[in-house]
Amino acid sequence: MAARKNTSRKKRLMKKTRQNQPVPAWIIIRTKRKVRTNPKRRAWRRSDVNVG
């Protein structure tokens, strides 16, 4: 990936990185294991990030 990215693209990539994190353990405990997985989880190799 190019080192020179504009700020708006970096912000979009950072948002996608945050969305890609797993569900926190305290949420799993709070919901009594009803919410276990993150449906928006994305694999870096399998799926593309459309940020432009």
Side-chain donor/acceptor pairs under 3.5 Å, residues 33-44, sequence neighbours excluded:
residue : atom : partner : partner atom : Å
R36     : NE   : R33     : O            : 3.2
N38     : OD1  : K40     : N            : 3.0
N38     : ND2  : Q19     : O            : 3.0
N38     : ND2  : Q21     : O            : 2.9
R41     : NE   : N20     : O            : 2.3
R41     : NH2  : N20     : O            : 3.4

Tell me whether I29 shares a hydrophobic cluster with I27, the cluster being built from Ile, Leu, Val, Met, Phe, Trp, Tyr side chains joined at under 4.5 Å. no

According to side-chain contact (heavy atoms from CB on, under 4.5 Å), who are the partners of D48, at least two apart in sequence or on a separate chain? N50

Using a 4.5 Å cut-off on heavy atoms from C-beta on, say whether the side chain of K16 contacts that of L13. no

Test of understanding: with side-chain contact (heavy atoms from CB on, under 4.5 Å), list the residues that count as partners of T7, not counting sequence neighbours. K11

